Structure formats: C-alpha cells, structure tokens
2 protein chains.
Amino acid sequence: MKKIGIKDIALRANVSTAIVSYVMNGTRNVKPETKERVLKVIEEFNYRPNAIAQSLKSRRTNTIGVIAEDITVFNTPEIIDGINDYAEQHDMHILLTNLRLQKKVGYNYADTASYQKHAQNAVSDLVSNQVEGIVYIGVHPRDLTGLIHTNDKPIVYTYCYAQNECSIQYNDEQASYDAIQYLVSKGHSRIAVISGLMDSIPSRLRFNGYYKALTEFQLYFDPQFIKVGDWGGESGYQLLGELMELPDPPTAILVMNDLMAAGALRAAAERGISIPRELSVVGFDNREFSAYLNPRITTMDLPLHDMGILAMKTLCNRISGKEETIEEPPLCKLIERDSVAGPRTSIK
Amino acid sequence: MKKIGIKDIALRANVSTAIVSYVMNGTRNVKPETKERVLKVIEEFNYRPNAIAQSLKSRRTNTIGVIAEDITVFNTPEIIDGINDYAEQHDMHILLTNLRLQKKVGYNYADTASYQKHAQNAVSDLVSNQVEGIVYIGVHPRDLTGLIHTNDKPIVYTYCYAQNECSIQYNDEQASYDAIQYLVSKGHSRIAVISGLMDSIPSRLRFNGYYKALTEFQLYFDPQFIKVGDWGGESGYQLLGELMELPDPPTAILVMNDLMAAGALRAAAERGISIPRELSVVGFDNREFSAYLNPRITTMDLPLHDMGILAMKTLCNRISGKEETIEEPPLCKLIERDSVAGPRTSIK
DNA sequence: CTGTTAGCGCTTTCAA
DNA sequence: TTGAAAGCGCTAACAG
C-alpha cells in the first residue's frame with residue numbers, strides 16, 4: 001500500500017493540489033462545498049501532509065535540537081520536561097541528542113577536549129537536520145566556552161555557561177542567601193558552610209550569598225566555619241566531623257548539595273549528634289533521596305522546569321530575531337523538612 | 001548570509017551537483033583530483049547537506065519517534081539512554097515527545113481515555129514528521145491496547161503492553177524468583193511478600209515467581225504472608241505492621257517496590273525491629289533513594305538501559321522487515337546491600 | 001569519469 | 001474561486 005500524498009487527495013476530490021493545500025492551511029478562501037469535499041477525502045484517507053516536504057518548501061522545521069550532556073543525571077529530565085512543556089505549547093518538535101557524557105568520559109568533566117568532538121558532531125548533525133536552534137543542557141554548571149561552533153545557529157546553554165552566549169541559570173547567590181535567612185529566622189547565628197569545589201561557579205555564587213547574609217544579619221563569622229568539600233558524600237562526612245570538633249561548633253550548617261548533606265547526616269549519627277535538635281542542616285538540590293533520609297532534609301529545590309521553559313523562550317526569541325528581554329534568573333525554593341530546628345538552647 | 005547548498009559547492013568546484021553528491025556519498029567513482037577539489041570547497045564553506053532534502057528524496061529519515069508518557073518518572077531517562085545508545089551506534093535520530101502524563105492526569109493512569117487524544121496526536125505528529133518507527137515508553141506496566149492507532153507505522157512498547165503489538169519488558173517472574181532464591185541462600189524459609197495492586201501485571205508475574213520459588217524450595221506457605229499493597233509508601237508501612245503482628249511472623253519479606261520497602265523500613269524502625277538482624281527485606285526497582293535509606297536496601301535493579309536498546313533493536317528489525325528474532329526479556333539484577341542477613345537464630 | 005535532468009511532496013505565484 | 005507550474009535541496013537514472 002503506497003503512502004498517499006496530496007496528489008491522491010486532489011485526484012479523489014477532483015481539485016488541484018493547490019486547493020488541497022489551501023484548505024489544509026487556510027491560506028486562501030475556498031468555496032465552502034469544495035472545501036467540504038476536500039476535507040471529507042482527507043478524513044477518509046486519514047491523510048497527513050508530509051512534514052518533511054513542507055519543511056523543504058517553507059524552510060521552517062519547527063524543530064529545535066536538544067543536546068543533553070547526560071540524560072540520566074538528576075537535573076536533566078526536569079529541564080527537558082520544561083522544554084517539552086514550552087514546545088508543546090508552541091507546536092514545536094524536539095530532536096534529542098544525548099551525549100551520554102558520564103558513561104563516556106566518567107566524571108572527568110574538566111577534560112572537555114575528550115568529548116568536544118562528540119559535542120561538535122551532535123551540533124553538526126542537528127544543524128544538518130535543519131533545527132532552528134539548540135538548547136544545550138550541562139550536567140554541572142561549568143564554562144564551556146569554545147567547546148562548540150554553531151555557525152550562527154542560535155544556541156542557549158542551561159546548567160552550564162559559555163562566554164558571549166546566552167545561558168540560563170538559576171539564582172545561586174539568592175538561594176544560599178535565602179537558606180541563611182531561613183536559618184536566622186529559626187534563631188541561628190553560628191552558621192557554617194560546607195561548600196563544593198571552589199573552582200566551580202555555583203560554589204562561588206553560593207558562597208557569596210552565604211557571606212552576604214552573614215554580613216547583613218551580622219552573624220558570627222569564623223573562617224573555620226568555612227569548609228570546602230568536593231561535592232561527594234565522603235567529603236560531607238569528613239567535614240561535618242571537622243566542624244563539630246571545633247571548640248565552639250556551629251549550630252547550623254549550609255551544605256551545598258544533598259550528596260554532601262547525606263554524608264554529613266551519617267557523620268552526625270555516628271557521633272551521636274541529633275539532627276535537628278543539636279544541629280540544623282540545610283541541603284541543596286532537592287534530590288529525590290533527600291526526602292528519604294533520616295531526618296528528611298530541608299533543602300533548596302532547583303527551578304529546573306522553569307529553566308527549561310526559559311531556555312526555550314530565550315531561544316525562540318533569538319530565532320525570531322526579537323530583542324532580548326532580560327529575564328531574571330529563576331529562583332530556588334526552600335523545601336522545609338525535618339533537618340532544621342532552633343539552635344540548642346544551652347550553648348556550650 | 002544565504003545558506004549555502006549543493007549548487008554553491010558545485011559552482012565553486014567547477015563541477016555539476018551530481019559530482020558533489022557522488023563525492024559526499026561515495027556513490028560513484030570520481031576522479032581523485034576532482035574529488036579533492038570538491039572536498040576542499042566543502043571544507044572551506046563548511047558545507048553540510050540539508051538532511052531534510054535528502055530525506056525527501058530518499059524517503060528515509062533515519063529518525064525514530066520516542067513517546068515518553070512522562071520523562072520525569074524514574075524509569076524513563078535510563079530507557080531513553082538505552083535508546084540513544086543504540087541510535088548513536090546506528091546513526092539514527094530521536095524525535096522526542098513527552099506526554100507529561102503525571103502533570104496532566106495525575107496518577108489516574110487507568111483513565112486512559114483522558115489522555116488518549118494526547119497520545120494519538122503525538123503519534124500523528126510523529127508520523128507526519130516521517131519517523132520510521134515509534135518507541136512508546138510507559139510509566140507503569142499496564143495494558144494500552146487500543147490506545148493508539150499507528151496506521152502501519154511500526155511501534156514497540158516498553159514498560160507497558162499492548163495486545164498484538166510488540167512490547168519489551170523485563171522478566172518479572174524470574175526477578176522475584178531470584179530474590180526468593182537469594183533469601184533462601186541466606187537461610188530464610190519463612191518469607192512473606194508485600195505485593196503491589198493485584199490488577200497489575202507485574203504484581204501477578206512477581207507473585208508467580210514468588211510462589212514458584214516457594215514451591216520449588218519447599219518453603220513454609222502461609223496465606224497470611226501475602227499482603228497486597230498499593231505501591232505507595234504508606235501501604236508498606238501498614239502491611240509490615242500486619243505481618244509482624246502475626247503470631248509467627250516471617251523472617252524475611254519481599255517487597256515489590258522500593259517505595260513500599262521504604263515504608264516498611266520506617267514501620268520496622270518504629271517497632272524497634274532491627275533490619276536486617278531481626279528481619280530481612282528485599283525491595284524492587286533500585287530507586288536512587290534505596291541506597292540512602294538506613295539500612296541501605298537490597299533491591300532488584302531493573303534492566304532499563306537494556307530495555308531501551310532492545311526496543312530499538314526490535315523496532316529496527318520490524319522497520320527493515322526482518323523476521324522477528326525472539327529475544328529473551330532482559331533480566332533484573334539483585335543489588336546486594338544491607339537489608340538482608342540470615343534469619344534471627346532464636347525463632348520465637 | 002562527468003553533466004543533465006526528473007522528480008521526492010509540498011507551497012505559492014501567476015494566470016485564468 | 002481555481003489550476004498550472006515553478007521550485008525548495010538533494011539523488012540517481014540516463015546520456016554522453
């Protein structure tokens with residue numbers, strides 16, 4: 001059975017192919033009874049125009065390419081979901097490329113050269129498929145300047161950066177500021193931080209927010225309250241120990257991701273430190289497991305869905321050549337659970 | 001700046017468009033020096049053929065459509081990752097549609113009618129875009145017969161079923177059989193089960209495996225050891241209580257998903273039942289959080305990646321009209337963690 | 001070895 | 001209100 005096309009419809013309806021096109025797209029007035037007839041034939045044959053042919057003619061594909069560094073990383077599905085949300089609303093399609101970064105180069109993100117070729121191929125491929133723009137979703141917020149050459153095809157980065165390119169990020173600084181403010185509202189003033197690696201942009205921004213809040217609320221500041229981890233659970237475990245062995249330990253800790261927070265919880269449990277009674281902990285990322293730890297941890301939820309939507313919005317603006325409307329980066333939201341309480345009353 | 005096409009290349013290289021096509025595709029022999037010249041021009045202009053036009057001509061798009069019921073559900077990213085793995089290896093592209101089922105109809109899966117239109121639209125859209133086949137990824141293994149009409153376009157379901165259609169599932173029965181066998185190897189003989197809803201296919205299959213193992217290993221069988229939950233954490237919590245209040249409680253429990261297992265752990269903790277010392281628990285799904293519970297739970301990992309690959313393989317076979325090679329459904333794999341030990345020695 | 005040319009399925013201009 | 005036909009960028013049959 002041959003695939004039926006516009007000609008078949010035209011033939012059956014006794015009209016020219018132009019008429020069929022007109023009724024499908026409403027491009028011209030067509031005599032109602034003719035229109036009716038054409039519609040009936042279309043219905044009868046369940047005809048759907050070949051979008052490939054339409055694209056070739058119209059030079060518009062309504063398709064945007066999404067490059068995900070790794071779709072199995074926790075942030076990515078939600079971002080894609082946002083992208084889909086927007087795409088659905090605007091009748092666009094998504095051509096998905098998954099670089100499978102973790103499986104290919106492991107956690108060695110810094111070694112961009114090793115997967116630059118993959119990334120560049122993905123772009124070329126997408127461009128060849130006539131996508132109208134590209135959204136690039138990173139696995140970790142880092143600088144990707146120069147990684148990719150799009151040849152004027154609009155691209156928007158999210159969950160990563162590139163100089164002189166558009167990138168969508170959430171407001172890291174505000175997020176940690178908010179976390180500290182929340183802790184202050186609970187009565188804390190001796191607040192430590194377990195940061196991620198300091199060469200990472202989010203670590204710096206989150207630290208800024210921490211420090212800004214410290215200053216603004218005139219909190220106790222002790223350089224020993226600043227611990228630098230490596231994002232992994234082990235370092236959270238380790239650093240909580242260091243913090244609690246201080247002669248005058250903090251009453252609350254902001255931990256820059258849930259992985260390290262989980263490690264910290266484990267360390268606290270081993271030391272017989274009760275959370276939140278004796279120590280409050282705020283995490284970051286709102287990973288699924290954070291609601292299953294004991295205690296369930298209070299953490300900052302990342303606006304991933306919004307980032308996806310915003311990335312699309314920005315991209316579509318660029319595609320249609322609209323002037324950039326500078327949008328505020330979306331905000332994180334504190335998820336209140338059970339790892340925060342007031343400071344222990346009897347201060348040592 | 002105009003997009004450059006094959007004609008521009010031909011012009012610059014002083015050849016006909018046919019030659020350019022020949023050198024690009026290696027379709028014909030071309031005199032080496034001509035070839036060289038063409039290649040140089042292609043390189044110089046960084047020319048990439050318009051895949052849309054190629055497709056129109058060749059009537060092959062090398063793209064397959066993926067419909068995900070909900071990409072934010074835990075099983076989906078890994079399946080897509082498998083699909084991408086295969087696609088990358090075979091130079092295919094993925095047009096992704098995300099139905100966003102949970103956000104649209106909540107957990108009311110049974111009410112297929114409410115999103116049938118969405119699903120059907122997605123299919124029509126994909127077909128119109130000339131995908132060569134479709135992979136449909138469910139959020140829960142249920143029967144979708146009649147939901148969708150693909151009009152002869154090959155489709156493969158995974159993580160769900162449809163009568164008279166191809167569907168890829170893991171081996172549920174074997175998985176729970178293996179779990180019981182493992183428990184037996186640890187010395188257990190009084191093994192209860194907390195099942196999911198009994199109108200669900202995986203519940204039935206997993207129960208079959210449980211029962212088969214019980215019979216085969218001649219284990220103690222007590223109808224009171226069979227508890228039916230609803231997949232949610234609360235029911236795991238509830239049912240563990242019921243089980244442990246039995247005059248002669250089990251020494252081990254197979255829980256049919258990690259969500260219920262988490263509830264069961266909570267109930268055990270509240271009752272002062274030590275896991276695994278006094279009671280062993282095996283979960284199902286290997287959700288991320290299962291490694292963060294206390295104790296970390298031993299659970300069955302689902303072969304999601306393999307399912308994605310297998311779905312693609314099967315689909316591609318159908319597309320190219322190859323005879324169906326009946327593949328074995330991929331196997332789950334037990335992840336040994338800390339929620340299983342030998343039975344408590346002093347039996348009450 | 002190379003060039004000419006007919007189409008793939010559609011849209012749209014132009015003419016009727 | 002309708003139809004004929006050109007052409008989107010490419011491939012491949014055919015001719016040289």
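So you know, we letter chains A, B, ... as the sequences are listed, proteins then strands, and number each from 1. All of these numbers come straight from a predicted model, not from anything done at the bench.
Residue B:N25 places at least one side-chain N or O closer than 4.0 Å to OP1 or OP2 of D:dT11. Proximity of A:Q54 to the phosphate of C:dT11: a side-chain N or O atom is located under 4.0 Å from OP1 or OP2. Within the structure, a side-chain polar atom (N or O) of A:T34 is placed less than 4.0 Å from OP1 or OP2 of D:dT2. At least one side-chain nitrogen or oxygen of B:N29 sits closer than 4.0 Å to the OP1 or OP2 atom of C:dC1. The shortest distance between the side-chain N/O atoms of B:Y47 and the OP1/OP2 oxygens of D:dG9 is not below 4.0 Å.
For the pair A:N50 CG and C:dG7 C1', the computed distance is 14 Å after rounding to whole Å. As rounded to whole Å, 13 Å separates atom C1' of D:dA12 from atom CE of B:M24. What separates CZ of B:R60 from C1' of D:dA12 is a distance of 17 Å, to the nearest Å. Distance, A:K57 NZ to D:dC10 P: 16 Å, rounded to whole Å. Between the CG atom of A:L56 and the P atom of D:dA6 there is a distance of 17 Å, rounded to whole Å. Distance A:N129 CG to D:dG9 C1': 14 Å, rounded to the nearest Å. We find that CZ of A:R59 is positioned 14 Å from C1' of C:dC10, with the value rounded to whole Å. Atoms CD (A:E36) and P (D:dT2) sit 13 Å apart, rounded to a whole Å.
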Practice problem: Tell me, with the steps shown, if B:D70 and B:R100 meet salt bridge (Lys or Arg N to Asp or Glu O under 4.0 Å). | Solution: CA-CA 5 Å; B:D70 197 319; B:R100 309 186 63 240; over 6 Å; no
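The side chain of A:I6 sits closest to C:dT11 out of D:dC10, C:dT11, D:dT1. The side chain of A:Y22 lies closest to C:dT13, out of D:dG7, C:dT13, C:dC8.
Side chain A:K31 to base D:dT1: no donor-acceptor pair is found below 3.5 Å.
For the side-chain contact (heavy atoms from CB on, under 4.5 Å) test with A:I79, the passing option among A:I71, A:I168, A:V135, A:T158 is A:T158; the others fail. Exactly one of B:K104, B:R142, B:K103 qualifies for a salt bridge (Lys or Arg N to Asp or Glu O under 4.0 Å) with B:E69. That residue is B:R142.
Nearer the 5' end of DNA chain D, as judged by each residue's closest nucleotide, is the contact made by A:A18, out of B:V20 and A:A18. Toward the 5' end of DNA chain C, the nearer of the two residues A:I52 and B:R28, judged by each one's closest nucleotide, is B:R28.
As judged by a 4.0 angstrom heavy-atom cut-off over every strand, A:S21 is placed among the base-contacting residues.
In A:K40, the NZ atom is not crowded: 12 or fewer heavy atoms of neighbouring residues, nucleotides or ligands sit closer than 6.0 Å.
The CG atom of B:N129 lies 9.0 Å from the CG atom of A:N62; values are rounded to the nearest 0.5 Å.
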